[in-house]
Protein chains: 2
Amino acid sequence: MDFRKIKNISVDIVLFGFDGKDINVLLSKRYLNLHNPHYPIIDDWVLTGNHIFKSERLDTAAQRVMHDVSGHDAPFMRQFRTFGNPKRVTKNKDLLWSQSQQIDPRTLSVGYYALTHCSDFEIQDPNYQWFPINALPELGFDHQYIIEMAFKYVKEIINVSPIIYHLLPIKFTLNSLLSVYETIFDITIDNRNFRKKMISKPYIVQLDEKERQPNSKKPANLYMFSKDIYRHMITEKPRIII
Amino acid sequence: MDFRKIKNISVDIVLFGFDGKDINVLLSKRYLNLHNPHYPIIDDWVLTGNHIFKSERLDTAAQRVMHDVSGHDAPFMRQFRTFGNPKRVTKNKDLLWSQSQQIDPRTLSVGYYALTHCSDFEIQDPNYQWFPINALPELGFDHQYIIEMAFKYVKEIINVSPIIYHLLPIKFTLNSLLSVYETIFDITIDNRNFRKKMISKPYIVQLDEKERQPNSKKPANLYMFSKDIYRHMITEKPRIII
DNA sequence: GAGATAAAGAGTACTTTTTACGCTTATTGT
DNA sequence: ACAATAAGCGTAAAAAGTACTCTTTATCTC
């Protein structure tokens with residue numbers, strides 16, 4: 001294994017975390033102060049990411065980055081788009097940063113989106129932090145744009161692939177699933193119809209467990225998504241709608 | 001503009017062309033013969049692609065490649081995935097080729113899919129050729145894999161975005177549209193229901209022209225897809241099915 | 001333990017979309 | 001003129017989606 005970094009290729013991960021209320025994005029603090037501590041030159045946030053090693057696969061690099069953050073297994077993640085605009089690193093602070101890190105300012109960034117439930121992805125290091133997607137801080141590079149693209153992409157893929165479950169714990173209540181849909185698409189959904197629809201799906205499996213909510217009244221049934229059942233039943237019927 | 005090639009980044013385009021019957025893929029002849037003309041060392045096909053220039057955008061590079069092939073404007077194309085497995089170039093002939101072209105065997109390839117109707121994309125040069133997707137020749141590098149991924153991707157995106165029309169001429173008949181669906185998804189569709197459904201869509205606009213088919217009986221009405229109308233009416237309702 | 005509360009969860013009626021299939025109309029080659 | 005072929009219309013049944021009313025269940029408060 002060759003651990004030298006390829007200077008012009010990186011992976012950046014847009015990790016979306018649902019906390020029961022908001023969709024959040026994991027960001028990493030970027031701080032650089034060459035001279036005077038009172039006048040930091042760079043003090044903003046960026047996506048988690050890193051340059052890849054000479055003999056490393058892209059997926060592996062992305063997993064490595066996630067592992068470095070949490071120490072745990074990487075969450076569900078998929079490549080969604082590569083950003084290679086030669087002008088994506090042109091702001092002064094970004095150029096300065098590239099220089100300080102000895103990386104090529106003309107870096108190709110392979111973008112990954114990742115999904116998790118916040119409680120499943122613990123962060124100790126205060127240099128990493130969740131931000132609600134509707135209240136992002138100042139971001140370095142073109143990361144604001146990358147996040148927007150990732151979110152748009154995820155919303156599209158949710159309609160054709162069962163990835164939304166990754167935003168919830170393995171065992172989840174129907175209300176929480178409904179809540180994810182409502183949050184992501186910014187809509188309201190009729191609880192009763194939603195239940196009927198979901199319960200009718202063979203791959204939404206009811207468990208024998210119940211969950212006591214914080215402001216608990218009646219505890220809710222827990223369900224899980226069965227990838228196996230889902231796979232076995234995909235008729236793969238196209239929509240022919242569009 | 002800096003026209004030096006970046007040695008480890010390329011774009012590869014999977015151009016799908018519908019000819020009324022098959023889905024075809026455009027391939028480029030790869031031929032290398034160092035010594036004896038009777039024993040070519042490399043004689044196979046690859047995707048059209050090229051390394052990008054130092055100050056070139058990815059999309060621009062992809063368009064350049066298409067332009068080099070046809071001399072015409074590039075067809076509709078979108079990035080779909082980047083291939084960066086360090087072992088993607090390991091076969092002897094591929095290594096030899098990389099050497100002869102002075103490119104890095106550890107090249108990251110940004111994959112684009114592109115869609116056209118074969119008649120809209122004329123090829124003079126016999127080094128470029130259409131191959132039915134079900135009858136591809138021997139392919140270099142990991143291009144077989146890239147094509148498979150591209151096709152899978154396209155089939156998914158067709159369900160959420162109106163890209164299928166790019167496989168047809170601007171003016172098309174409903175039968176030809178039906179035919180594309182049938183070919184891509186390998187299904188049969190009821191002609192009468194399909195017509196009703198399509199005609200009911202505001203963005204499928206009937207024209208005043210008719211088309212006389214080759215084995216013509218009754219000439220068919222021509223339609224076109226209106227991007228404008230489509231955009232104006234997207235309610236963007238999520239499915240909540242999966 | 002009675003009653004209030006909040007969410008789970010059934011039920012019902014209506015609308016829209018999809019599917020299946022019979023039949024008619026239009027155009028051209030022979 | 002007629003056969004052949006594809007375009008195109010109509011109708012009915014099934015399935016899926018939507019809107020709302022009402023009931024049940026478990027827990028907290030008093």
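- Taking atom CG of residue A:Asp190 and atom C1' of nucleotide C:dA8, one finds them 13 Å apart after rounding to whole Å.
- Atom CE of B:Met198 is separated from atom P of C:dT18 by 10 Å (rounded to the nearest Å).
- At distances below 3.5 Å, at least one donor-acceptor pair connects side-chain atoms of A:Ser70 with backbone N or O atoms of A:His72.
- Qualifying side chain to side chain donor-acceptor pair (under 3.5 Å) partners for B:Arg81, counting only residues two or more places apart in sequence or in other chains: B:Tyr145.
- Rounded to 10 degrees, the angle separating the terminal helix axes of the helix from C:dG1-D:dC30 to C:dT30-D:dA1, each built from five base pairs, is 10°.
- Rounding to the nearest 0.5 angstrom, the gap separating the OG atom in A:Ser10 from the CZ atom in A:Phe141 is 8.5 Å.
- For the pair B:Asp59 and B:Arg78, the salt-bridge criterion is not met [side-chain N within less than 4.0 Å of a carboxylate O].
- A salt bridge does not link B:Asp142 with B:Lys87: none of the charged nitrogens is closer than 4.0 Å to a carboxylate oxygen.
- In this structure, B:Leu178 atom CG and C:dT19 atom P are separated by 13 Å, rounded to whole Å.
- The distance from atom CZ of A:Phe194 to atom P of C:dA8 is 11 Å, rounded to the nearest whole Å.
- Classification of the A:His166-A:Phe76 ring pair by plane angle, with boundaries at 30° and 60°, yields parallel.
- Note on B:Asp190 versus B:Arg192: salt bridge recorded, some NZ/NE/NH1/NH2 to OD/OE distance being below 4.0 Å.
- Between B:Phe16 and B:Phe151, the angle of the ring planes lies from 30° to 60°, which puts this pair in the tilted group.
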Please tabulate the protein-to-nucleotide N/O contacts below 3.5 Å involving nucleotides 8-12 of chain D, giving atom names and distances.
unit_1 : atom_1 : unit_2   : atom_2 : d
D:dG8  : OP1    : B:Asn221 : ND2    : 2.9
D:dG8  : OP2    : B:Arg195 : NH2    : 2.9
D:dT11 : O4     : B:Lys196 : NZ     : 2.6

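- Distance CD1 (B:Ile187) to P (C:dA20): 12 Å, rounded to an integer number of Å.
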